[in-house]
Visitor: 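Before I ask anything, here is the structure I am working with.
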Amino acid sequence: HPLSDGGDVITAYRLEWDPQPTFDSNDFGSHSFIANDECDPCVYTISGLAKGQTYHVRVFSFNSYGYSQNPGLPTPPFLSPKTAPDPPSQVHITPETDTAVLVSFRPPLDDGGAPVSKYKLQSITSMLYSSYTVQSIAISTTLDDIDGSFRLAFGNQATYDISVDATGNDVKSELEALPTIGSVDVVRHSTTEGVIWFVTFFTNREDEALRVSDSSLQGTDVMIVVKEEVTALKGYEQQTLTALCTTSDGVMSGYFSLFMDGARTVDLPFNVSAGGLKDALEELPSIGSLKILKKAEANGNQWTVIFLDRLGNVPLLEVHHHLTCSTGTPLLYATETAQGVLPSSYGPLAGEVEYSVDYEGNDSEVNHVVEGLTRGLSYHFQVAWGNEVGYGDFQYSFPATTVPMGVPDPPSSVTINSIDNSTLQVEWSILGSE
């Protein structure tokens, strides 16, 4: 309100705005409104302005003698409409070393009307989005006096004795000697309580788990615990596509196609392979990378579609078919078997580390190396851009996770021996970092 009403009641106000301080451009705007008891303070929202454009603003008061000679001027006298910037369109991650990951991203397509000046990068030890199951074997004591050995079992097979001093490679060799386990990777870490081995199952046997079959461990209050740290494919959207005849003896023929976000695949045969379905779906622009499993039935087929790049809840695949059955009716339908989740919606973020970094404005790609990571653990990353308004939304990384890795250490204990006058034998140990 003005300091003086001029001796008469103020009945109206006129608000004016313009990119020019002279208020005479083609983009001049104004709004008049009646003063009332609710106008304390008086508030008006100017909409439809150009993002990032500076606007000058002034307000005139009115009574029965006319408008005030001078306007009321705000502080500051001009301002531009702006919001927090968009997230990066994509965030790419690649292993740099066995303890570092390179995170690459570009400036936002929309800066919100103010130059981007900073970004926020989150590094998350991810219990989600792993291609493989990871189990741990942890041995602990209340004092630093662990000794002895133990045996591990998988399925109906058990290892020989494994020493508490066993390296990752030692445990790997013992486990892979079991015919039931397939290929694994093992990483050993020392802890304040003892030692822990992380076992990654490359054959992805989700129906089996390691267990301790025998133990001759020694130490004060010694304990050995085996548990699943990471479940393969947890967090990814999973949909099941089913094509079948309604009768058990029906023989299917024909073709079908799938739709996602308005895009359509090519026509696919009723018994398309997992690889063929994967190739067709990945041609659609919004799908990204997939993992597809196929299960053949007597009267049809079933495919499990796992979305590896598109995180969160994914719309259900739409189907269209020209299928026939020798007996019965053909059916084709998609169902959601596991809803995809984003890291922020999966409870507390384990191992979250946040970097806020000043950014010298330019259009070049940002390459940020995140160091100090733990070898063998899976990490997820997300990035948000910021300007003077604040930080915008996060964009998650592509691929969803990565594991720090680098070149191996050299072999140790290398020896050379002469076998005969034309032959040398070289021998070395595989102990050390893989």
Visitor: Do Ser173 and Asp170 pair up side chain to side chain, a donor and an acceptor below 3.5 Å, judged on atom types alone?
Guide: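 There is no such pair between these side chains.
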
Visitor: Can you confirm whether Val319 sits close enough to Leu258 that some side-chain heavy atom of one is under 4.5 Å from a side-chain heavy atom of the other?
Guide: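 The answer is yes, as the side chains (C-beta and beyond) meet within the 4.5 Å cut-off.
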
Visitor: Has Lys172 got a side-chain atom pairing as donor or acceptor with Val186's backbone, closer than 3.5 angstrom?
Guide: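 No.
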
Visitor: Quick one: are Val57 and Leu15 in side-chain contact, heavy atoms under 4.5 Å?
Guide: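 SC-SC contact between Val57 and Leu15 confirmed.
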
Visitor: Is it true that, when you exclude Asn417 itself, more than 12 heavy atoms of the residues, nucleotides or ligands shown sit nearer than 6.0 Å to its CG?
Guide: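 Enclosed.
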
Visitor: Look at the rings of Phe78 and His56 and say which category their plane angle falls in: under 30° parallel, 30 to 60° tilted, over 60° perpendicular.
Guide: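 Answer is tilted, since the angle falls between 30° and 60°.
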
Visitor: Could you tell me whether the side chain of Asp221 reaches within less than 4.5 Å of the side chain of Met223, counting heavy atoms only?
Guide: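 No, their side chains stay 4.5 Å or more apart.
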
Visitor: Sub-3.5 Å donor-acceptor pair from the side chain of Gln239 to the main-chain atoms of Pro315, do we have one?
Guide: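 Indeed, once roles are kept as given, a pair shorter than 3.5 Å links the two residues.
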
Visitor: Is there a side-chain hydrogen bond (donor to acceptor under 3.5 Å, both in side chains) between Thr220 and Thr142? Walk through the geometry before answering.
Guide: CA-CA 6 Å; Thr220 307; Thr142 53; 4.7 Å; no

Visitor: SG of Cys325 to CG of Leu244: how many Å apart, nearest 0.5 Å?
Guide: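 Reported value, rounded in 0.5 Å steps: 8.0 Å.
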
Visitor: Please check if the side chain of Trp303 supplies one atom and the backbone of Val272 the other of a donor-acceptor pair under 3.5 Å.
Guide: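 Side chain of Trp303 to backbone of Val272: a pair is present.
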
Visitor: Tell me, with the steps shown, if Ser257 and Thr265 meet side-chain hydrogen bond (donor to acceptor under 3.5 Å, both in side chains).
Guide: CA-CA 6 Å; Ser257 59; Thr265 67; 5.0 Å; no

Visitor: Can you confirm whether the side chains of Glu16 and Ser30 place a donor and an acceptor under 3.5 Å from each other?
Guide: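 The answer is no; no qualifying pair exists.
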
Visitor: Fit a plane to each ring of Tyr129 and Tyr236, take the angle between them on a 0 to 90° scale, and name the class: parallel (under 30°), tilted (30 to 60°) or perpendicular (over 60°).
Guide: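 Tilted, since the angle between the ring planes falls between 30° and 60°.
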
Visitor: Kindly indicate whether the side chain of Leu128, heavy atoms from C-beta on, has any atom under 4.5 Å from the side chain of Leu311.
Guide: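 The answer is no, as the side chains (C-beta and beyond) never meet within the 4.5 Å cut-off.
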
Visitor: Check the angle between the aromatic planes of Tyr44 and His31 and answer parallel, tilted or perpendicular using the 30° and 60° thresholds.
Guide: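 The arrangement is parallel - the two ring planes meet at less than 30°.
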
Visitor: Is any side-chain heavy atom of Ile46 closer than 4.5 Å to one of Tyr55?
Guide: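 Answer no - side chains too far apart.
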
Visitor: Is a side-chain donor or acceptor of Asp147 paired with a backbone partner of Gln218 at a separation under 3.5 angstrom?
Guide: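 Such a contact is absent between Asp147 side chain and Gln218 backbone.
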
Visitor: Looking at every non-hydrogen atom in both residues, tell me the closest pair between Asn387 and Thr83 and how far apart they are.
Guide: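 Heavy-atom minimum between the residues: ND2-O, 2.9 Å.
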
Visitor: Go through the steps for Asn367 and Ser104 under the test side-chain hydrogen bond (donor to acceptor under 3.5 Å, both in side chains), then give the verdict.
Guide: CA-CA 5 Å; Asn367 294 295; Ser104 302; 2.7 Å; yes

Visitor: Cation-pi check for Phe394 against Lys120: NZ or CZ below 6.0 Å from the six-membered ring centre and within 45 degrees of the axis, yes or no?
Guide: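 Not satisfied by the 6.0 Å and 45° rule.
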
Visitor: Compare every heavy atom of Ala166 with every heavy atom of Arg188, then report the nearest pair and how far apart it is.
Guide: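 Nearest pair, atom of Arg188 first, then Ala166: NH1-O, 2.9 Å.
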
Visitor: Looking only at heavy atoms, which two atoms of Ala100 and Val369 are closest? And how far apart?
Guide: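 Distance-wise, the nearest heavy atoms are CB-CG1, 4.0 Å.
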
Visitor: Looking only at atom types and distance, does a side-chain atom of Thr246 sit under 3.5 Å from a main-chain N or O of Thr329, one as donor and one as acceptor?
Guide: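 Between the backbone of Thr329 and the side chain of Thr246 there is a qualifying donor-acceptor contact (under 3.5 Å).
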
Visitor: Arg106 side chain to Val91 main-chain N or O, any donor-acceptor pair under 3.5 Å?
Guide: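 Not a single qualifying donor-acceptor pair exists.
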
Visitor: Look up atom OG in Ser289 and atom CD in Glu282, then write down how far apart they are to the nearest 0.5 Å.
Guide: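 Separation between the atoms: 5.0 Å.
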
Visitor: Return yes when atom CG of Asp214 has more than 12 non-hydrogen atoms of other residues, nucleotides or ligands closer than 6.0 Å, and no otherwise.
Guide: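 Result for CG/Asp214: enclosed.
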
Visitor: Should the pair His322 and Tyr255 be assigned to parallel (<30°), tilted (30 to 60°) or perpendicular (>60°) ring geometry?
Guide: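 Taking Tyr255 first and then His322, their aromatic rings sit tilted (interplane angle of 30° to 60°).
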
Visitor: With a 6.0 Å cut-off (strictly less than), is the heavy-atom count around CD of Glu283, excluding the residue itself, greater than 12?
Guide: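 Open.
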
Visitor: Establish, yes or no, whether a centroid distance under 6.0 Å links the rings of Phe256 and Phe270.
Guide: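 Phe256 vs Phe270: aromatic centres not under 6.0 Å.
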
Visitor: What's the separation between atom NE2 in His320 and atom CZ in Arg264, rounded to the nearest 0.5 Å?
Guide: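 Going from the NE2 atom of His320 to the CZ atom of Arg264 covers 7.0 Å.
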
Visitor: Please report the interatomic distance CG(Leu210) to CD(Gln135), rounded to the nearest 0.5 Å.
Guide: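 Answer for the CG-CD pair, Leu210 versus Gln135, is 4.5 Å.
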
Visitor: Over all heavy atoms of both residues, which pair between Trp385 and Lys118 is shortest? Give the atoms and the distance, please.
Guide: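 Heavy atoms of Trp385 and Lys118 come nearest at CE3-O, 3.2 Å.
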
Visitor: Kindly indicate whether the side chain of Thr99, heavy atoms from C-beta on, has any atom under 4.5 Å from the side chain of Glu371.
Guide: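 With C-beta onward as the side chain, the pair stays apart.
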
Visitor: So, taking the atom named CD1 in Ile146 and the one named OG in Ser140, what distance separates them when rounded to the nearest 0.5 Å?
Guide: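 If I round to the nearest 0.5 Å, the distance is 6.5 Å.
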
Visitor: In the structure I gave you, are the side-chain heavy atoms of Leu73 and Arg58 within less than 4.5 Å of one another anywhere?
Guide: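 Yes. Closest side-chain heavy atoms under 4.5 Å.
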
Visitor: Counting only heavy atoms not in Asn26 (residues, nucleotides, ligands), do more than 12 fall under 6.0 Å from its CG?
Guide: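 No.
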
Visitor: Would you say Thr180's side chain and Phe154's backbone share a donor-acceptor pair under 3.5 angstrom?
Guide: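 Side chain of Thr180 to backbone of Phe154: a pair is present.
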
Visitor: Can you name the nearest heavy-atom pair linking Phe150 to Leu217, along with the distance?
Guide: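 Residues Phe150 and Leu217, closest heavy atoms: CD2-CD2, 4.1 Å.
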
Visitor: Check whether any side-chain heavy atom of Leu424 lies under 4.5 Å from a side-chain heavy atom of Ser418, and answer yes or no.
Guide: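 Touching, per the 4.5 Å side-chain cut-off.
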
Visitor: Test Thr242 against every option in Glu297, Lys295, Gln302 by the side-chain hydrogen bond (donor to acceptor under 3.5 Å, both in side chains) rule and name the one that passes.
Guide: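 Option passing the side-chain hydrogen bond (donor to acceptor under 3.5 Å, both in side chains) with Thr242: Gln302.
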
Visitor: Of all heavy-atom pairs between Glu176 and Val184, which one has the smallest distance, and what is that distance?
Guide: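 So the minimum-distance heavy-atom pair works out to OE2-N, 2.9 Å.
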
Visitor: Just verifying a value: how many Å separate Leu152 CG and Thr159 OG1, rounded to the nearest 0.5 Å?
Guide: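 Here the rounded value is 5.0 Å.
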
Visitor: Taking Ser25 for its side chain and Asp27 for its backbone only, find out whether a donor-acceptor pair lies under 3.5 Å.
Guide: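 Between the backbone of Asp27 and the side chain of Ser25 there is a qualifying donor-acceptor contact (under 3.5 Å).
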
Visitor: When the ring planes of His380 and Tyr396 are compared, do they come out parallel, tilted or perpendicular, using 30° and 60° as the limits?
Guide: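 Tilted.
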
Visitor: Spell out, as yes or no, whether a donor-acceptor pair under 3.5 Å connects the side chain of Ser326 to the backbone of Val251.
Guide: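 Checked: pair present.
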
